[in-house]
Amino acid sequence: MSSERYVERQLLVVSRRLRVFLCTFVALVLPAPLAGCGDSDDGRIRLTVGTFGEFGYDQLYREYEAANPGIRIVERVTRAEDHHKNLAAHLATNTGAADVEAVEEGWLGQFTAAPNRFIDLNTYGAATLKSGWPDWKWNFGTSADGRVIGLGTDVGGMAMCYRRDLFTRAGLPVDRTEVAKLWPSWEKYIETGARFKQQVPDVGWMDGPTSMFRSVLGQQEVGLYDGPDSIVVGTNPSVKKAWDLSAQALERGLSARLVAFSSDWNAGLAQGSFATLACPSWMMTLIQEQARNAAGQWDVATVPGGGGNWGGSWLTVPKQTEHPAEAAALAVWLTAPQQQAAVFRASGNFPSTVSLYKDPVIKDFRNPFFNNAPVGRFFATSVTRLEPQYIGPRTGEIATRIINGLSRVEQGRDTPDESWRKVLREVEVLS
Amino acid sequence: MARRRRSRYHRLDVKASPYLYVLPFFLLFGVFGAFPLIYTAWVSFFDWDFLAETHQWIGLDNYWRLFSDYTFWNAVLNTAQILVLSMVPQLLLALLLAYALNQRLRSPRFWQMSALLPNITSVVAVTIIFGQLFGRDYGMINWFLGLFELGKIDWQAGQASSQIAIATMIVWRWTGYTALIYLAAMQAVPKDLYAAASLDGATSFQQFRMITVPAIRPTIVFTVIISTIAGMQVLAEPLLFGGGSISGGSDRQFQTLSLYLYEVGFNRWEFGYASAASWLMFALIVIAASINYLFLGRIRRH
Amino acid sequence: MAVVSPPRRTATPARRPSRRRGFLRHQPSRLTYLSLLALVFFSAFPFYYSIVVASHDNSVVAQMPPPLFPGGNLFDNIERAFGTGLMTRALVNSFLVSGTITISVVFFSTLAGFAFAKLRFRGRNVLLLIIIGTMMVPTQIAIIPLYLLMAKFQLVGTLPAVIVPSMVSGFGVFFMTQYLRTAVPTTLIEAARADGCTTAGVLWYVVRPAARPAAAVLATLTFMNSWNDFFWPLVALNPDDPTVQVALSSLSSGYAGDFSLAFAGAFIATIPLLLVFFFLGRRIITGIMQGTPNR
């Protein structure tokens, strides 16, 4: 065979194969995008809302669009870490941010420190709404020079969720007032856990280090910071107290050893591999999402130590938006009491607007998924008593490092003391 | 007249065309390859917080800080360990595989394709799948160990176990590819060498050891250097094996250099510090590759 | 004349295995076939297992013993993975990115490869050496300044940010140079020139057709590489407008993630590559085997 002929044949083969390949691929893949990405901007203003986790807004968007025919809303949901990482990048590069961006408590400090990047919501009449929120929630969203950057959405509050079926197996009471009596304090919570593990050794008492540590920490007067730029992890006895209690629970083998919010953790929720989970209101949303098959098995009682807070978010409007007025109006509407109440009833995130706490819509609400627990009353009580901590710019990162330290204890890599020394060293690098 | 003009055009064509043809490469590489490389050095002399509006010149401070930063050296050590754990089995297995593939097989293409199959998947998909296989509670491997009552291993928690798991992913993905490179080299070994050995009564495995391996040594050196460079840059495996955690385990027990770079640069946004780390990383790669080269070169001469 | 270094025609001996013992390649023992069967098992098992997990409900996945056989939820899970719209977007993005990069790399590599292989010019060897040198430089260390550069151009979060830096490849130039050296005989080029062809004419009428087989190999390798690229897209793109690999990484870790969803994603992301593999796998193998320094 002459070489030209050979080339020719190869060519034929290749081009035929390429063609077959392309056709197959097109046939397999293209119908999906064509169905999926029709960008019908029929003259309406398109507002993007960047959120993470579960905000429970879907229904509200449709409602808002119906009331404002000129607006179309698109939500972009990302994992919390990624969401805040990207928001930072978008603000720094002045491009790519959504019109309305949600910010979680742990990251908020980082953004209120850069107020130039956001719209001052006062210019859109936010000042008149101030009385709707407790002072602390309002102040967190305000920069040092008085610009209002974020409007409060939900607030964590704190309760304790527990599995009734597992409590029965361990011979523990299941009635929520009785259950609350099992753990007036975290020490008692650990004791009860040890009792539980004796009866039901194959199930964890708690999920892992994160939720317990954050809950205990959230009940302290002073947390990781005691003022702007002043990290007090090494000197604040409250942080050490939260550490010691969590480490003790881990050392006694109470944990199911799941990393919070990981796929394993989700699977653990679905499988019922732990009996209690410290529950800020938004945690209820996650439980309902991941443990769909366990409706009625979960219940809610008061949290050991009472009160406290973990998490909660704000809505911001980055300065780079093309529709500041419309975006601000949407943020105001989404954070208004009525909408916050709707979110709470549908998915669980508890409102940060105080006026609602006495409203029967909230006060008397019982969540059927959680065995009709009076979650409205629980969280209203918890949040009213809430004494907020100062939240610094690196709160989220520091907490991650402390929780890594607790994981080392849980995995038996380090003793609590060794691990704590490493935590201090890691936090040092951050400050 | 016309002829002279044509010939002048011709001369220009011959002289300029080659440069014209290689120009796009150097242009694009210059802007997006070479320039960033040099710019990295520049940035590394600053306290360059990406989110801040001004950046402060601090000279070599980032480098001094790096030298005493245990997390950086921890990442260096982890990277080196994972490199060894993955490269040695990979190259040995690849040699044996190439030896098997180099025999008169029925339908050789089928076996070659099987060898290549792992390599075509994305590293992300591989890590997701292996992450499940290495799961602590519901993982296939722990289930298998359980059948023999060997107990469960918390793969992520231990330093050795996590690095073995990561190295396994790399070995799985690259062994077949390396084997094909060896196979090509083996097929180029002159046949008369074997003929002589065969007459001397050498068994096939002896021939493999005494003739094939020495003959393809340059190829082995090549693969060692290539996998060293690749191994210094491992990112997706530790990142996704740790469930997206940038610290590479609770004790940074499997945080590689790239992951460290990612943490400093794109989580802490300390671009200056991360750039200094990049340059040190580059230096380490060059050193590692040269050590390999010299070491294997020595063996060749002996 | 040897226009192509033709891949060994292995199909023939495969069908008619020779009885004669060869000096070069030994008749395989049973052990050889057994170990090759093990190879097939280990190569294919993770793929099989990804289908198993992708075809079950998440609660089944978190069970001991783990499921060993496919269940009935594959299409549900795939639908769920597409349901967020993320996977769809990611597939389209990946296709655009990899497609553009592939075309560009093949084009520029053929241009430069032709110049290096067949044209004489001052500095040729030095430039070629530089190109080979670029292959040795790890791309990751330039990520920070690249990011700053893209931020300056306002490209962060857009597809060009991922495409532009990969539009040329040192490997591609090296590969085409190596190939064209033998594939295009110098006499043929001289003949074309004598007929009055300009350099561009030679490129179009002589080199382009001869380069096609190598171009196909380079295209396949480039496509697969850029399809699988992870670090830079992870940094440069937004998680809500990602490439497939980045989308996959967010599916696998995160609030809404579960195993069967992540595996369905992995399955979807692999299909295009499997297709490439089945249609062009032989060429890829040829390409890899030609890409060694021995040749």
Side-chain angles (χ1 to χ4, degrees), chain B residues 13 17-18 21-22 24-25 28-29 32 36-37 39-40 43 100 102-109 111-114 116-118 120-122 124-125 128-129 138 140 143 180-181 184-185 188 191 194-195 198 204 219 222 229 233 235-236 240 243-244 258 265-266 271 274-275 278 281-282 285, chain C residues 10 14 17 23-28 32 35-36 39-40 43 46 49-50 62 64-66 108 111-112 114-115 119 121 127 134 138 140-142 144-146 149 164-165 167-168 173 198-199 224 228 230-231 235 245 248-249 252-253 262 266 269-270 273 277 281-282 285 288-289 292-294:
Chain B
D13 176 45
S17 288
Y21 292 169
V22 298
F25 177 88
L28 280 163
F29 180 79
F32 298 103
L37 218 60
Y39 199 48
T40 309
V43 174
N102 197 27
Q103 302 180 23
R104 284 173 174 271
L105 300 168
R106 288 161 190 267
S107 44
R109 277 294 173 192
W111 306 112
Q112 289 171 11
M113 300 258 287
S114 305
L116 191 62
L117 186 61
I120 62 147
T121 2
S122 77
V124 180
I128 290 174
I129 296 167
Y138 311 113
M140 173 76 80
W143 168 73
L180 288 177
I181 292 180
K191 294 176 199 184
Y194 293 96
S198 205
S204 89
T219 312
F222 170 78
I229 295 174
Q233 303 189 66
L235 171 87
L240 296 174
S258 297
F266 296 92
F271 273 20
S275 298
S278 300
M281 177 177 168
F282 186 39
I285 291 177
Chain C
T10 35
F23 290 121
L24 169 59
R25 294 149 103 211
H26 302 274
Q27 207 62 265
T32 305
S35 43
L36 285 174
L39 162 80
V40 174
S43 291
Y49 196 60
S50 77
M64 272 310 219
F108 289 128
L111 276 190
F114 167 50
L119 303 179
F121 56 99
L127 290 178
T134 66
Q140 278 179 15
I141 64 162
I144 302 267
L146 202 55
L149 199 68
V164 178
M167 279 178 67
V168 292
V173 175
T198 59
T199 315
M224 301 212 319
N228 285 337
F230 180 60
F231 195 0
V235 168
Q245 307 310 329
L248 207 50
S249 84
S252 73
S253 55
T270 312
L273 295 173
F277 184 67
R282 283 190 36 188
I285 289 175
I288 291 169
M289 290 175 62
T292 63
N294 253 22

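Computed over heavy atoms, backbone and side chain alike; hydrogens, waters and symmetry mates excluded. Chain naming here is simple, since letters A, B, ... match the order of the sequence lines and numbering starts at 1 in each.
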Review point. With respect to chain C, which residue among B:I229, B:L37, B:L28, B:T121 yields the maximal number of heavy-atom pairs within a distance under 4.5 Å?
Key: B:T121
Point to revise | Toward chain B, the part of C:F231 with a non-hydrogen atom under 4.5 Å | key: both
Practice item. Return the minimal non-hydrogen interatomic distance between B:A100 and C:T32, and the atom names on each side. Key: CB-CG2, 3.8 Å
Check your understanding: Where does C:L149 contact chain B at under 4.5 Å (heavy atoms): side chain, backbone, both or neither?
Key -> side chain
Check your understanding: What pair of heavy atoms forms the shortest contact from B:M113 to C:F277, and how long is it?
Key -> O-CZ, 3.2 Å
Study note, to complete from the structure: When the 4.5 angstrom heavy-atom criterion is applied to C:T270 and chain B, the contacting part is side chain
Point to revise | Top of B:P24, B:G265, B:S275 for chain C proximity - count of heavy-atom pairs under 4.5 angstrom | key: B:P24
Study note, to complete from the structure: Correct closest heavy-atom pair for B:W111 and C:L39 would be O-CD2, 4.0 Å
Revision key, fill the gap. When every non-hydrogen atom of B:S122 is compared with those of C:N228, the smallest separation belongs to CB-OD1, 2.8 Å
Review point. What are the two closest non-hydrogen atoms of B:W143 and C:P66, and how far apart are they?
Key: CG-CD, 3.3 Å
Practice item. Among C:V235, C:T134, C:L146, C:T199, single out the residue with the greatest number of heavy-atom pairs under 4.5 Å to chain B. Key: C:T199
Exercise for review: Please list, chain by chain and in numerical order, all residues satisfying side-chain hydrogen bond (donor to acceptor under 3.5 Å, both in side chains) with C:S43, sequence neighbours excluded.
Suggested key: none
Point to revise | Contacting region of C:L36 [heavy-atom separation from chain B under 4.5 Å] | key: both
Check your understanding: Considering only heavy atoms, which portion of B:F29 lies under 4.5 Å from any heavy atom of chain C: side chain, backbone, both, or neither?
Key -> both
Check your understanding: So which of C:A112, C:G281, C:A262, C:A269 has the biggest tally of heavy-atom pairs under 4.5 Å with chain B?
Key -> C:A112
Check your understanding: For B:I129, is it the side chain, the backbone, both or neither that has a heavy atom under 4.5 Å from a heavy atom of chain C?
Key -> both
Review point. What part of C:L119 is in contact with chain B, defined as an atom under 4.5 angstrom from a non-hydrogen atom: side chain, backbone, both or neither?
Key: side chain
Study note, to complete from the structure: All heavy atoms of B:V124 vs all of C:S249, minimum pair found to be CG1-N, 3.9 Å
Check your understanding: After noting the C-alpha distance and the side-chain angles of C:V173 and B:V22, does the key distance pass the side chain to side chain contact (heavy atoms under 4.5 Å, CB included) rule?
Key -> CA-CA 9 Å; C:V173 175; B:V22 298; over 6 Å; no
Exercise for review: Take C:L127 and B:F25 through the test side chain to side chain contact (heavy atoms under 4.5 Å, CB included) and record every step on the way to the result.
Suggested key: CA-CA 11 Å; C:L127 290 178; B:F25 177 88; over 6 Å; no
Check your understanding: Which region of B:I120, side chain (C-beta onward) or backbone (N, CA, C, O), has a non-hydrogen atom less than 4.5 Å from a non-hydrogen atom of chain C, or is it both or neither?
Key -> both
